[in-house]
Amino acid sequence: MAYGETKVYYDGSHYIAIPHTERPKRYRPKPVEEEITVVETTDEGSETVKATEPLISAVSDEKDGAEEVIADGNNGAEKAVTASKIERKMTRKELFDELYKKYLDLPKKERHYKIMEGMEAYFDTVEQLKWYVDLGFERKYRNLVARRIRMVRKARLAQFNYFCTFTYSDEKQTEDSFKKGLQTCFRNLVYRNGWKYMGVWERSPEKHRLHFHGLFSISPEKMVGTLNEKRDFSTAQHRMQTILQNDYFEKRFGRNDFKELNPHLLGESIAYLMKYIEKTGEKIVYSKGLYQYFISDIMDEDIVCPTGQEGKKLLLFDNFKCWDEGLYMGRVCPEVIEQMRKCN
C-alpha cells in the first residue's frame with residue numbers, strides 16, 4: 001500500500017488524490033484590528049410651508065447637524081432640509097467589505113477608486129491607503145477562488161440529476177415568507193427524503209423578481225409531488241417553451257421549473273451558478289451531506305503520476321481500486337463512492 005487515508009476528488013476529467021500528511025499544529029491568533037468611527041451624513045426633508053420673501057437662504061448650525069432653508073420666489077414654496085450625522089463603530093476591514101459590496105457593479109478600476117475615496121479619511125498617507133485597498137482586493141480574489149474550487153468539487157461528487165428554478169409569486173406569499181418557507185421546505189426534504197442541493201438566490205435583471213436556481217440530487221422514489229409538462233411564453237427567449245413543473249411546489253410557492261440534468265452538461269450548470277458568485281457576490285447555499293472528498297487508500301499500480309504544485313497530488317487511473325482501512329470496496333463508481341467515508 002503506497003498511500004493511506006488519501007482525500008480523493010473528481011475535477012470533471014480525472015480523479016485526483018491528496019496524500020495524508022502530518023503537520024504540527026501551531027497557534028496563530030488573528031490580530032485584533034483597531035476600530036474606527038465612520039461618520040455618515042444624511043439629508044432629511046421637512047414639510048413645505050409658504051414664504052413671503054422672494055428669495056431666502058439661511059443656514060443655522062445645531063448639535064446634530066445643519067438646517068438649510070431655501071425658498072422659490074415664483075411659487076412661494078419653502079423647503080427645509082436637515083443634515084444629520086450618524087456615527088458608527090467598525091473596523092477598516094468591515095468598512096472595506098461594505099464599500100466593496102456597494103460598488104460591486106462598477107468596473108474594477110472605478111470600483112478601486114471609489115473604495116479609496118470612501119476610506120481616505122481613515123488613513124494618514126495615500127501609500128497606506130493604497131496598500132490596504134490592494135490587500136483587500138487580493139483577499140477578495142483569493143476567497144472567490146477558494147469558493148469556486150469548493151463548489152466545483154462538491155458538485156462533481158454529488159451526482160446531481162436536476163437543475164431547478166423557483167420563482168417568487170406575490171399572489172401566494174411575500175418575499176420574506178417565500179425565501180424562508182422555501183429554505184425550510186428544502187431542509188425538511190434533505191432530512192426526510194435524502195435530497196441534496198446547492199444553489200443561489202438572484203433577481204431577474206428587468207423585473208427584479210426573486211429566484212432560486214439550484215442543482216438537486218433527487219432519487220425517483222423520493223420525489224415529492226408530480227412533474228407535469230406545461231407550455232408557456234418565455235420572456236427571456238421571446239418564444240414558447242415547454243417546462244416540467246412540480247405541482248407540490250406550485251401550490252405552495254408558485255412557478256417552478258425542473259430540468260433533467262445530463263451528466264455531460266453538468267459543467268454548464270455549474271458555470272451558470274458560478275456566474276452569480278463572481279459578478280453579484282451572492283453566496284452559494286449548500287445542503288447537508290455535500291462533501292468535497294471521499295477517503296480511500298491508494299495502491300501504487302493505481303497512480304498515473306504525481307501532479308499539482310511540487311507534485312504533492314496524485315493523478316489516478318479512471319478505474320482505480322477503492323480501499324477503506326484495508327477493506328477492498330470495489331473499483332471507483334458512484335455506488336462505491338457512496339459507501340466511502342467523506343470529508344471537506
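Hydrogens, waters and symmetry mates play no part in the numbers below; they use all other heavy atoms, side chains included.
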So, [X] side chain and [Y] main chain: donor-acceptor pair closer than 3.5 Å or not?
X: Asp247; Y: Gly225; value: no
X: Lys342; Y: Ile337; value: yes
X: Gln173; Y: Arg252; value: yes
X: Thr167; Y: His211; value: no
X: Asp297; Y: Glu5; value: yes
X: Asn246; Y: Tyr248; value: yes
X: Arg331; Y: Asn319; value: yes
X: Glu94; Y: Thr91; value: yes
X: Lys154; Y: Leu290; value: yes
X: Asn256; Y: Gly254; value: yes

Task: Modelled atom types, side-chain donor and acceptor of Tyr291 and Lys7, under 3.5 Å - done: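 No, no side-chain donor-acceptor contact under 3.5 Å.
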According to the interplanar angle, ranging from 0 to 90°, do the rings of [X] and [Y] count as parallel (below 30°), tilted (30 to 60°) or perpendicular (above 60°)?
X: Phe212; Y: Phe216; value: perpendicular
X: Phe249; Y: Phe186; value: tilted
X: Tyr9; Y: Tyr293; value: perpendicular

If you define the side chain from C-beta out and look only at heavy atoms, does anything of [X] sit under 4.5 Å from [Y]?
X: Asp97; Y: Lys140; result: yes
X: Tyr103; Y: Glu117; result: no
X: Arg209; Y: Arg255; result: no

How about [X]: does its [atom1] atom have over 12 heavy atoms from other parts shown lying under 6.0 Å from it?
X: Glu229; atom1: CD; answer: no
X: Tyr113; atom1: OH; answer: no
X: Tyr272; atom1: OH; answer: yes
X: Tyr141; atom1: OH; answer: no
X: Lys93; atom1: NZ; answer: no
X: Glu33; atom1: CD; answer: yes

Task: Criterion ring pair (Phe, Tyr, Trp, His ring centres under 6.0 Å) against Phe166, the qualifying member of Phe178, Phe258, Tyr197, Trp201 - done: Phe258
TODO: Before giving the answer on side-chain contact (heavy atoms from CB on, under 4.5 Å), spell out for Thr165 and His213 the whole-Å C-alpha distance, their side-chain angles and the decisive distance to 0.1 Å.
DONE: CA-CA 5 Å; Thr165 301; His213 297 291; 3.0 Å; yes
Task: Aromatic Phe137 / basic Arg111 pairing, under 6.0 angstrom, 45° off normal - done: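 No cation-pi geometry.
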TODO: Carefully, step by step, assess Leu273 and Phe163 under the rule side-chain contact (heavy atoms from CB on, under 4.5 Å).
DONE: CA-CA 10 Å; Leu273 295 182; Phe163 183 86; 4.2 Å; yes
Open item on the list: I'd like to know if Arg88 pairs up with Glu98 as an ion pair, taking the criterion as any Lys NZ or Arg NE/NH1/NH2 lying under 4.0 Å from an Asp or Glu carboxylate oxygen.
Closed with: yes
TODO: Output yes when Asp134 and Lys130 qualify as a salt bridge under the 4.0 Å nitrogen-oxygen rule, no when they do not.
DONE: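 Looking at Asp134 and Lys130, the cut-off is met.
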Open item on the list: Would Asn344 and Arg150 count as a side-chain contact (heavy atoms from CB on, under 4.5 Å) here? Give the steps.
Closed with: CA-CA 9 Å; Asn344 280 316; Arg150 181 170 61 248; over 6 Å; no
- [ ] Apply side-chain contact (heavy atoms from CB on, under 4.5 Å) to Ile16 and Leu315, showing your working.
- [x] CA-CA 5 Å; Ile16 309 294; Leu315 177 63; 3.6 Å; yes
